[in-house]
2 protein chains.
Amino acid sequence: MVKMVDVARLANVSTATVSRVLRNPESVKEHTRLKVLNSIEELNYQPNVLARHFRRNKTNTILVIVPNIANTIFSQIVRGIEATASEKNFRVLLGNTNRDVEKEYDFLNLLHQRQVDGLILLSGKIDHDILSELKDKYPLVLASEYVDDVEIATVCIDNIKSSFEATEHLIKQGHKRIGHISGPMNSLLSFDRLSGYNQALKEYHIDESKDLIREGDFSYETGYQQMCELLILPEPPTAVFAANDEMAMGAINASKKKGLSVPKDLAVVGFDNIRFSSIFDPGVTTIAQPAVEMGNIAMELLLQKLDDPDFENKRITLKSELIIRESCGSNIVETSQ
Amino acid sequence: MVKMVDVARLANVSTATVSRVLRNPESVKEHTRLKVLNSIEELNYQPNVLARHFRRNKTNTILVIVPNIANTIFSQIVRGIEATASEKNFRVLLGNTNRDVEKEYDFLNLLHQRQVDGLILLSGKIDHDILSELKDKYPLVLASEYVDDVEIATVCIDNIKSSFEATEHLIKQGHKRIGHISGPMNSLLSFDRLSGYNQALKEYHIDESKDLIREGDFSYETGYQQMCELLILPEPPTAVFAANDEMAMGAINASKKKGLSVPKDLAVVGFDNIRFSSIFDPGVTTIAQPAVEMGNIAMELLLQKLDDPDFENKRITLKSELIIRESCGSNIVETSQ
DNA sequence: ATGAAAGCGCTAACAA
DNA sequence: TTGTTAGCGCTTTCAT
């Protein structure tokens with residue numbers, strides 16, 4: 001293995017100069033620099049990255065903690081993170097937790113051990129106190145998820161507003177009994193989506209009914225189950241807003257199973273705009289989160305924190321968009337592919 | 001930062017002994033070991049992993065090169081890899097290439113730079129010669145994909161046999177004009193799935209027709225397009241076997257768009273059994289790849305290569321399974337959720 | 001603008 | 001069984 005001292009010897013300079021050429025080229029006289037670069041080329045020298053990490057106490061690697069990489073909304077965000085990271089010569093370490101908090105804590109060791117330089121969190125299960133301690137000790141960014149009482153760099157959408165729009169859209173179709181299948185209530189995000197729904201009902205003077213609100217956990221299965229529950233109510237809803245697309249699909253399939261037709265008998269709106277929402281039949285009307293862009297920006301925020309730990313912990317709110325497809329009954333145009 | 005020498009001092013031993021307690025506990029007398037462990041606890045000592053990596057020239061990190069993490073079949077395999085890796089105290093670095101060969105080569109630098117100890121490849125675009133060189137220099141495992149003329153540790157299914165079964169199933173439904181939408185022909189896997197299809201036709205004395213075979217690229221969009229082409233043939237197929245589920249869904253949606261009913265007018269079978277195949281309407285009959293298990297085993301194979309570079313480069317073939325749903329017309333039972 | 005040299009914290013060969 | 005010690009290859013401070 002050819003090392004720095006070999007290059008130095010060939011170029012007739014010290015290792016310090018070689019190091020400078022690599023890390024601070026402008027601090028070396030052009031003539032010397034060229035000599036060194038030639039030697040590097042001639043010897044086909046590759047710096048030992050591990051030695052560098054050790055010496056600098058940095059790894060150019062970041063950790064992404066994700067609840068479930070097999071969920072397309074997360075994998076899209078990760079794709080965005082990955083793209084920006086690799087542009088900036090950073091590596092992405094993947095921490096898949098399967099929604100297991102213990103595993104989240106395990107992965108945090110990578111930070112303590114300095115195996116990664118920073119962290120992007122796509123799940124909000126970690127205790128607030130710990131989160132607050134983390135963000136003071138390490139560069140940390142939240143994406144898609146967020147918390148309210150701790151000031152952390154965050155990129156997200158306005159979940160209240162988007163959910164308001166989704167619900168409003170159903171109201172404008174003439175629906176008065178609108179159900180909501182929420183996400184798990186331990187997440188602020190689920191809470192906000194519920195709030196948007198509630199606010200829309202209030203704004204349009206529609207009576208709320210606790211019966212029409214059901215808690216799911218963002219999985220297809222709970223969407224299916226909770227829809228079944230809604231359908232056996234004495235007065236079942238004529239429309240449902242689900243807190244994500246998977247649950248919306250569960251709700252649609254449950255209705256179909258009971259012989260109902262969507263959107264004729266039941267209008268459905270989802271959230272996220274995952275790939276399959278447009279492939280599904282009927283196409284799922286939904287709120288599009290700009291997932292890949294979210295990943296890009298999360299990584300950019302993290303790079304800034306990496307560069308300057310005192311960088312402002314701002315929250316960036318991206319635009320979401322209501323995508324109207326067939327499941328809500330307001331679209332008579334056929335699905336395009 | 002408390003370091004090893006602090007622990008050594010407190011425990012009244014040398015750093016070598018502390019190191020031994022950490023890496024070879026059985027080589028230290030119990031009494032000493034306890035003393036050291038106590039000191040570690042008391043000082044809350046955390047070994048500096050970067051120093052260790054540097055010193056040992058190992059990182060306990062492996063790289064997974066994946067064509068597209070947003071594709072559920074790959075994210076499931078990655079989940080399997082991740083699970084086994086973290087059990088064995090290994091980290092998984094994610095290399096998403098977006099099917100860009102250049103990016104694959106970029107990621108290989110991580111190996112050369114010793115930033116990762118080994119590699120799992122989920123895509124087979126890399127040049128055979130380079131692959132052959134790689135597998136001699138580094139621990140390397142192929143999962144799902146495979147190549148024929150280079151001997152590399154591989155975990156996969158029997159794609160020919162599975163495709164034979166899928167096609168045979170359609171034949172047994174009475175179909176005589178069966179189309180195939182293949183994967184890209186630069187991959188052996190696509191080629192094998194086509195072979196299985198051809199073999200089934202031959203076995204059942206059904207004339208092959210070049211018109212009925214269309215090349216896609218595993219995307220929903222190409223499935224849709226190629227199905228449109230098949231439908232404008234003078235004598236269109238009554239059944240189609242698509243080389244993956246996404247293309248099968250594209251084919252189904254294309255048929256629906258043309259006013260055909262699936263499975264009544266067209267029977268469809270896919271491949272992979274991604275999550276949405278069971279959620280889709282009609283449920284997609286498909287070949288199930290044991291994706292998570294594939295990931296588990298790939299990681300186990302890699303761990304063995306890591307442990308012993310001369311470990312046999314065996315190919316492990318996992319069982320696949322025909323999952324019958326509605327899209328092929330042989331199942332009158334309703335979809336369960 | 002460049003060089004000399006002191007480590008970063010750990011591991012492992014060797015000695016005792 | 002334990003200790004001594006020489007690095008691993010790079011970066012960076014200080015001196016020139």
Side-chain angles (χ1 to χ4, degrees), chain A residues 1-40 43-61 89 109-117 306, chain B residues 1-40 43-61 89 109-117 306:
Chain A
M1 201 85 273
V2 28
K3 46 188 120 160
M4 197 175 264
V5 58
D6 301 319
V7 175
R9 210 170 282 141
L10 181 64
N12 240 304
V13 296
S14 72
T15 58
T17 299
V18 178
S19 179
R20 282 185 199 108
V21 169
L22 258 24
R23 307 198 54 77
N24 272 88
E26 66 283 1
S27 74
V28 178
K29 203 163 56 168
E30 173 152 16
H31 176 71
T32 323
R33 189 168 64 234
L34 290 176
K35 253 194 330 188
V36 171
L37 288 173
N38 279 333
S39 305
I40 287 177
L43 297 175
N44 192 19
Y45 166 70
Q46 290 249 27
N48 178 325
V49 189
L50 299 183
R52 185 178 280 176
H53 290 169
F54 168 51
R55 181 58 231 252
R56 313 195 60 216
N57 210 19
K58 291 250 152 61
T59 58
N60 267 42
T61 304
N89 245 306
N109 275 331
L110 293 176
L111 273 174
H112 302 131
Q113 293 170 176
R114 306 251 163 229
Q115 291 199 63
V116 295
D117 299 343
L306 247 16
Chain B
M1 202 85 273
V2 28
K3 46 188 119 159
M4 198 175 263
V5 58
D6 302 317
V7 175
R9 211 169 283 141
L10 181 64
N12 240 304
V13 295
S14 71
T15 58
T17 299
V18 177
S19 179
R20 282 185 198 108
V21 169
L22 258 25
R23 307 195 52 76
N24 273 89
E26 66 283 2
S27 74
V28 179
K29 206 165 53 172
E30 173 154 13
H31 175 70
T32 323
R33 190 169 64 233
L34 290 176
K35 254 194 329 188
V36 171
L37 288 174
N38 280 333
S39 306
I40 287 178
L43 296 173
N44 192 20
Y45 166 70
Q46 290 251 26
N48 179 324
V49 188
L50 300 183
R52 185 179 280 175
H53 290 169
F54 168 51
R55 180 59 232 246
R56 311 195 59 214
N57 210 20
K58 291 249 151 61
T59 58
N60 267 42
T61 305
N89 245 306
N109 275 330
L110 293 176
L111 272 174
H112 302 133
Q113 294 169 176
R114 306 252 164 228
Q115 291 198 63
V116 295
D117 299 342
L306 248 14

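The shown structure was predicted, so the numbers you read here are calculated from the model rather than taken from an experiment. The chains referred to below are lettered A, B, ... by the order of the sequence lines, with proteins before strands, and numbering in each begins at 1.
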(request) Check whether any side-chain heavy atom of A/Lys35 lies under 4.5 Å from a side-chain heavy atom of A/Asn38, and answer yes or no. (result) no

(request) Please list, by residue number, the residues of residues 29-38 of chain B whose heavy atoms come closer than 4.0 Å to an atom of DNA chain D; answer none if no residue qualifies. (result) B/Lys29, B/Thr32

(request) Please state how far atom CG in B/Asn57 lies from atom P in D/dC8, giving the value in whole angstrom units. (result) 12 Å

(request) Just jot down the side-chain contact (heavy atoms from CB on, under 4.5 Å) partners of A/Leu111, sequence neighbours excluded, or say none. (result) A/Leu108, A/Val116, A/Leu119, A/Leu134, A/Tyr138

(message) How long is the straight-line distance from CZ of A/Arg114 back to CG of A/Asn109, given to the nearest 0.5 Å?
(response) 13.0 Å

(request) Please find the earliest and latest nucleotides of DNA chain C, in the 5' to 3' direction, that have an atom within less than 4.0 Å of any heavy atom of chain A. (result) C/dA1 to C/dG9

(request) Please name all residues satisfying side chain to side chain donor-acceptor pair (under 3.5 Å) with A/Asn44, sequence neighbours left out, ordered by chain then number. (result) none

(message) Please enumerate all residues that pass side chain to side chain donor-acceptor pair (under 3.5 Å) together with B/Asn48, with sequence neighbours excluded.
(response) none

(request) Not counting sequence neighbours, list each pair that qualifies as a salt bridge (Lys or Arg N to Asp or Glu O under 4.0 Å) and has a residue in residues 6-16 of chain A. (result) A/Asp6-A/Arg9

(request) Could you list the residues that satisfy side-chain contact (heavy atoms from CB on, under 4.5 Å) with A/Leu10, not counting sequence neighbours? (result) A/Ser39, A/Glu42, A/Leu43

(message) Using side-chain heavy atoms (C-beta onward) and a distance below 4.5 Å, is B/Val13 in contact with B/Val36?
(response) yes

(message) Is A/Tyr45 close enough to D/dG9 that one of its side-chain N or O atoms is under 4.0 Å from OP1 or OP2 there?
(response) no

(message) Would B/Phe54 count as stacking on D/dC8 if stacking means ring centres less than 5.5 angstrom apart and planes tilted under 30 degrees?
(response) yes

(request) Measure the distance from CZ on B/Arg9 to P on D/dG3 and round it to the nearest whole Å. (result) 14 Å

(message) Enumerate the salt bridge (Lys or Arg N to Asp or Glu O under 4.0 Å) contacts for residues 44-61 of chain A, please, sequence neighbours excluded, ordered by first and then second residue.
(response) none

(request) Name all residues meeting the side chain to side chain donor-acceptor pair (under 3.5 Å) criterion together with A/Glu26; count only those two or more places apart in sequence or in a different chain, and write none if there are none. (result) A/Asn24

(request) Find the distance B/Arg114:CZ to D/dC10:P and express it as a whole number of Å. (result) 14 Å

(request) Measure the shortest side-chain to side-chain distance between B/Phe54 and A/His53 over non-hydrogen atoms and say whether it is less than 4.5 angstrom. (result) no

(message) Using C1' atoms of five pairs at each end, report the bend of the helix from C/dA1-D/dT16 to C/dA16-D/dT1 rounded to 10 degrees.
(response) 30°

Tabulated below should be each protein N or O lying under 3.5 Å from an N or O of nucleotides 12-15 of chain D; please produce it.
none

(request) Classify the nucleic acid contact of B/Val18 as base, sugar-phosphate or nothing, counting any heavy atom under 4.0 Å across all strands shown. (result) nothing

(message) Under a 3.5 Å distance rule, please check whether A/Arg33 uses its side chain to pair with a backbone N or O of A/Pro25 as donor and acceptor.
(response) yes

(message) Can you confirm whether A/Leu22 sits close enough to A/Ile40 that some side-chain heavy atom of one is under 4.5 Å from a side-chain heavy atom of the other?
(response) yes

